[in-house]
Student: 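First the structure, which I've put down as structure tokens, then a few questions once you've had a look.
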Amino acid sequence: MAKPVRVRFAPSPTGPLHIGGVRTALFNYLFAKKHGGVFYLRIEDTDQNRYVPGAEAYIFEALEWLGIAPSETIGKNEKFGPYRQSERKTIYGDYAQQLIASGYAYYAFDSNEALDNLRKEEEALGNTFIYNWHNREKLDNSLVISTEETNKRLHEGAAYVVRFKSPVNETLALHDIIRGDISFDTNVLDDKVLFKSDGMPTYHLANIVDDHLMETSHVIRGEEWLPSMPLHVLLYRAFGWEAPEFAHLPLLLKPVGNGKLSKRDGDKLGFPVFPLEWKSAEGISSGYREQGYFPEAVVNFLALLGWNDGTEKELFSLDELVNAFDLNRIHKAGAKFDPEKNKWFNHQYLQRQENHILAETFSKELAAKGLDCPMEKVEKIVGLIKERADFVSDFWSLCDYFFEAPTAYDEKAAKNWKEDTADLLQQLITVLDGIADFSSLQIENTVKEWMTTHEIGMGRIMQPFRLSLVGALKGPHLFDIAELIGKTETIARLQKAIQTL
């Protein structure tokens with residue numbers, strides 16, 4: 001590529017980071033790493049009215065947890081700092097003045113009340129009010145009033161905004177990496193506000209100035225910013241700067257119905273839309289981390305929302321994603337969010353985890369229940385039951401019988417208890433009691449040899465045996481269960497089942 005790749009994620013600290021924003025960050029990260037470039041993060045906090053305490057820290061923590069932290073940001077390799085827009089606000093006024101001096105922008109003194117009245121008048125006629133070429137020379141701005149009057153008002157501290165002067169009768173032929181060639185009619189563009197008399201820029205001016213000064217090569221952002229593309233390209237042109245390349249990502253869509261994925265969808269269907277838990281006055285919103293998702297699984301399923309590598313492959317490590325990633329393989333259409341598929345991804349990653357790592361996590365839950373179990377035993381249990389789990393939080397319900405004897409028995413299974421079952425299980429106790437090496441293989445060989453010698457059918461022993469140990473006809477290999485709970489406990493559970501059933 002002609003110039004070094006530098007891409008950015010530029011969130012606003014107005015609340016928790018939505019999973020759609022996470023995907024934008026991920027795609028920027030993958031693109032930068034693929035091309036040996038830089039992925040940096042800039043906090044766009046010029047709208048102080050919407051600033052939410054804690055939101056900025058949340059953004060950084062979320063990206064760190066996911067393993068896609070920026071290589072350049074606040075307090076880290078600050079080559080083009082500051083990386084908070086609020087700390088850069090002194091520079092934007094000069095750029096606004098530059099646009100005014102070159103005729104690409106103008107002062108507008110229209111009051112909010114006057115503009116509201118104009119909007120209502122247009123709406124009454126069935127029209128939409130747009131401040132642009134067809135009415136700007138009839139309104140209260142420096143295109144209409146004299147230079148002397150303009151300077152007088154500015155000197156007296158009159159409230160104003162600086163508006164961009166959109167060109168007339170021009171068709172902008174633009175290119176988007178994902179969407180191809182796009183054209184815009186400048187006559188339908190409004191003269192956007194770039195700067196306000198309180199000294200703060202709007203998103204549009206600050207964004208363009210910062211992207212230029214920070215040498216951004218590609219702007220990879222959500223589809224919702226596509227309507228802003230013509231203004232941003234025009235601003236680059238007005239400044240005489242080379243515009244970056246643009247790529248507008250498809251929306252993340254609701255799992256059911258149409259429209260953009262929202263927090264409401266997560267609340268309604270019971271899945272997170274935030275990477276981490278978020279606490280606010282409105283309550284607690286769950287996060288993928290707190291629900292037990294592996295960060296690698298979250299990255300994997302997000303990468304495949306709107307992109308694929310052209311194959312049927314679904315499981316990718318982060319390095320594999322970097323190697324395979326290509327902006328040209330991102331789809332234009334929105335990507336349906338599938339919570340059940342996301343669970344499938346987590347299941348796959350859980351199976352790949354080393355048993356000792358899962359056992360360490362599960363041991364914390366056991367300790368909270370007052371259970372002190374040797375790590376070696378926990379590790380063996382995890383190895384037996386993990387294939388049935390999507391999350392570590394599923395483990396207890398899958399293996400509680402390893403730690404606690406059943407207090408009740410599945411009624412349907414108990415109906416298979418025959419007249420001679422108690423007598424047979426009493427004989428089984430004698431067989432088990434005589435086994436010196438109480439290992440799974442030895443137990444299995446001894447019990448099967450006994451059944452064969454006495455011509456006892458498998459179903460007459462194995463089902464009630466399992467029911468006695470587990471309380472239901474579920475669980476891994478029966479003799480593995482017996483080994484792990486031990487001879488004494490195995491016999492005790494058989495005796496209790498005989499007395500109960």
Student: Below 4.0 angstrom, N of the basic side chain to O of the carboxylate: do Arg352 and Glu296 qualify?
Tutor: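 Here Arg352 does not pair with Glu296 in a salt bridge, since their nearest N and O are not under 4.0 Å apart.
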
Student: Are there over 12 heavy-atom neighbours, none belonging to Asn328, within less than 6.0 Å of that residue's CG?
Tutor: yes

Student: If you count heavy atoms of other groups shown closer than 6.0 angstrom to CD of Glu282, is the number above 12?
Tutor: no

Student: Is there a side-chain contact between Tyr29 and Val7, using heavy atoms and a 4.5 Å cut-off?
Tutor: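 They are not in side-chain contact.
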
Student: Do other residues, nucleotides or ligands put more than 12 heavy atoms under 6.0 Å from Gln495 CD?
Tutor: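 Atom CD in Gln495 is crowded, with more than 12 foreign heavy atoms closer than 6.0 Å.
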
Student: With a 4.5 Å cut-off on side-chain heavy atoms, are Leu428 and Met451 touching?
Tutor: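 In short, these two side chains do not touch, never coming nearer than 4.5 Å.
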
Student: Can you tell me if Glu314 has over 12 outside heavy atoms packed within less than 6.0 Å of its CD?
Tutor: yes

Student: For Glu449, I'd like to know if atom CD has over 12 heavy atoms of other residues, nucleotides or ligands within 6.0 Å.
Tutor: no

Student: Do Phe27 and Leu249 come close enough that some side-chain heavy atom pair is under 4.5 Å?
Tutor: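 Yes - at least one pair of side-chain heavy atoms lies under 4.5 Å apart.
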
Student: Taking NZ in Lys341 as the centre, count heavy atoms belonging to other residues, nucleotides or ligands within less than 6.0 Å. Is the count above 12?
Tutor: yes

Student: Might you point out which heavy atoms bring Phe465 and Thr490 nearest each other, and give the distance in Å?
Tutor: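 Closest heavy-atom pair between Phe465 and Thr490: CE1-CG2, 4.0 Å.
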
Student: So does Glu245 pair up with Lys3, basic N to acidic O under 4.0 Å?
Tutor: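 No, no charged N to carboxylate O under 4.0 Å.
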
Student: Tell me, yes or no, whether the heavy-atom count around Lys496 atom NZ, taken from other residues, nucleotides or ligands under 6.0 Å, exceeds 12.
Tutor: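 Yes, because the 6.0 Å sphere around NZ of Lys496 holds more than 12 heavy atoms from other groups.
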
Student: Work out which heavy atom in Ser228 is nearest to a heavy atom in Arg221; give both atom names and the distance.
Tutor: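 Nearest heavy atoms, Ser228 then Arg221: C-NH2, 4.4 Å.
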
Student: Report the relative orientation of the aromatic rings in Tyr40 and Tyr83; use parallel for angles under 30°, tilted for 30 to 60°, perpendicular for over 60°.
Tutor: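 Rings of Tyr40 and Tyr83: perpendicular, over 60°.
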
Student: Is it true that a side-chain atom of Glu290 and a backbone atom of Glu277 form a donor plus acceptor pair closer than 3.5 Å?
Tutor: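 Yes, Glu290 side chain to Glu277 backbone: donor-acceptor pair under 3.5 Å.
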
Student: Kindly assign one of parallel, tilted or perpendicular to the pair Phe246 and His248, based on the angle between their ring planes and the thresholds 30° and 60°.
Tutor: parallel

Student: Pick one: which of Asp326, Leu318, Ile220 meets side-chain contact (heavy atoms from CB on, under 4.5 Å) with Leu30?
Tutor: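 It is Leu318, the one option of Asp326, Leu318, Ile220 that forms the side-chain contact (heavy atoms from CB on, under 4.5 Å) with Leu30.
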
Student: If the threshold is 4.0 Å, N to carboxylate O, is there a salt bridge linking Arg460 and Asp420?
Tutor: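 Here Arg460 pairs with Asp420 in a salt bridge, since their nearest N and O are under 4.0 Å apart.
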
Student: Decide, yes or no, whether a salt bridge links Asp410 with Lys474 under the criterion of side-chain N to carboxylate O below 4.0 Å.
Tutor: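 Salt bridge absent between Asp410 and Lys474.
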
Student: When rounded to the nearest 0.5 angstrom, what is the spacing between OH in Tyr203 and CD in Gln85?
Tutor: 8.5 Å

Student: Determine whether the aromatic ring centres of residues Tyr293 and Phe391 are separated by less than 6.0 angstrom.
Tutor: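 When the ring centroids of Phe391 and Tyr293 are compared, they turn out to be within the sub-6.0 Å range.
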
Student: If you measure only the distance, is there a donor-acceptor pair under 3.5 Å linking the side chains of Asp319 and Ser317?
Tutor: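 Side chains of Asp319 and Ser317: no pair found under 3.5 Å.
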
Student: Would you say the side-chain atoms of Asn77 pair up with the backbone N or O of Ser71, donor to acceptor, closer than 3.5 Å?
Tutor: yes

Student: Identify which one of Arg42, Lys79, Arg6 satisfies the side chain to side chain donor-acceptor pair (under 3.5 Å) criterion when paired with Glu72.
Tutor: Arg6

Student: With distance as the sole test, does Asp45 use its side chain to make a donor-acceptor pair with the main-chain N or O of Ser86 at under 3.5 Å?
Tutor: yes

Student: Using only atom types and a distance under 3.5 Å, with no angle test, would you say the side chain of Asn355 pairs donor to acceptor with the backbone of Val382?
Tutor: no

Student: Is Lys263 salt-bridged to Asp267, cutoff N-O under 4.0 Å?
Tutor: yes

Student: Using the side chain to side chain donor-acceptor pair (under 3.5 Å) rule, pick out the option among Asp210, Thr46, Thr202 that qualifies with Tyr92.
Tutor: Asp210

Student: Is the shortest side-chain heavy-atom distance between Phe402 and Val378 below 4.5 Å?
Tutor: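 A side-chain contact is absent here, since even the closest heavy-atom pair is not under 4.5 Å.
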
Student: I need the minimum non-hydrogen distance between Pro476 and Ile481, along with the two atoms involved.
Tutor: O-CD1, 3.8 Å

Student: Would you call Arg493 and Pro406 a side-chain contact if the rule is heavy atoms closer than 4.5 Å?
Tutor: yes

Student: Which heavy atom of Pro275 sits nearest to which heavy atom of Val22, and what is that distance?
Tutor: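 Where Pro275 meets Val22 most closely, the heavy atoms are CG-CG2, 3.9 Å.
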
Student: More than 12 foreign heavy atoms under 6.0 Å from CZ of Arg329: is that the case here?
Tutor: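 More than 12 heavy atoms, drawn from other residues, nucleotides or ligands, come within 6.0 Å of this atom.
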
Student: Kindly assign one of parallel, tilted or perpendicular to the pair Phe325 and Trp307, based on the angle between their ring planes and the thresholds 30° and 60°.
Tutor: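 Taking Trp307 first and then Phe325, their aromatic rings sit tilted (interplane angle of 30° to 60°).
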
Student: For the rings on Phe294 and Phe345, is their centre-to-centre separation under 6.0 Å?
Tutor: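 No, the ring of Phe294 stays outside the 6.0 Å limit from the ring of Phe345, centre to centre.
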
Student: Answer whether the closest heavy-atom distance between the side chains of Ile443 and Asp437 falls below 4.5 Å.
Tutor: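 Heavy-atom side-chain distance check fails, nothing below 4.5 Å.
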
Student: In terms of side-chain geometry, is the basic nitrogen of Glu411 or Lys415 positioned less than 4.0 Å from the acidic oxygen of its partner?
Tutor: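 Looking at Glu411 and Lys415, the cut-off is not met.
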
Student: Measure the shortest side-chain to side-chain distance between Val5 and His218 over non-hydrogen atoms and say whether it is less than 4.5 angstrom.
Tutor: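 Val5 reaches His218 side chain to side chain.
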
Student: Please name the pair of heavy atoms, one in Leu205 and one in Pro201, separated by the smallest distance, quoted to 0.1 Å.
Tutor: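 Reported closest heavy-atom pair: CD2-CB, 4.2 Å.
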
Student: For the residue pair Tyr288 and Trp65, what are the closest heavy atoms and their distance?
Tutor: C-CH2, 4.0 Å

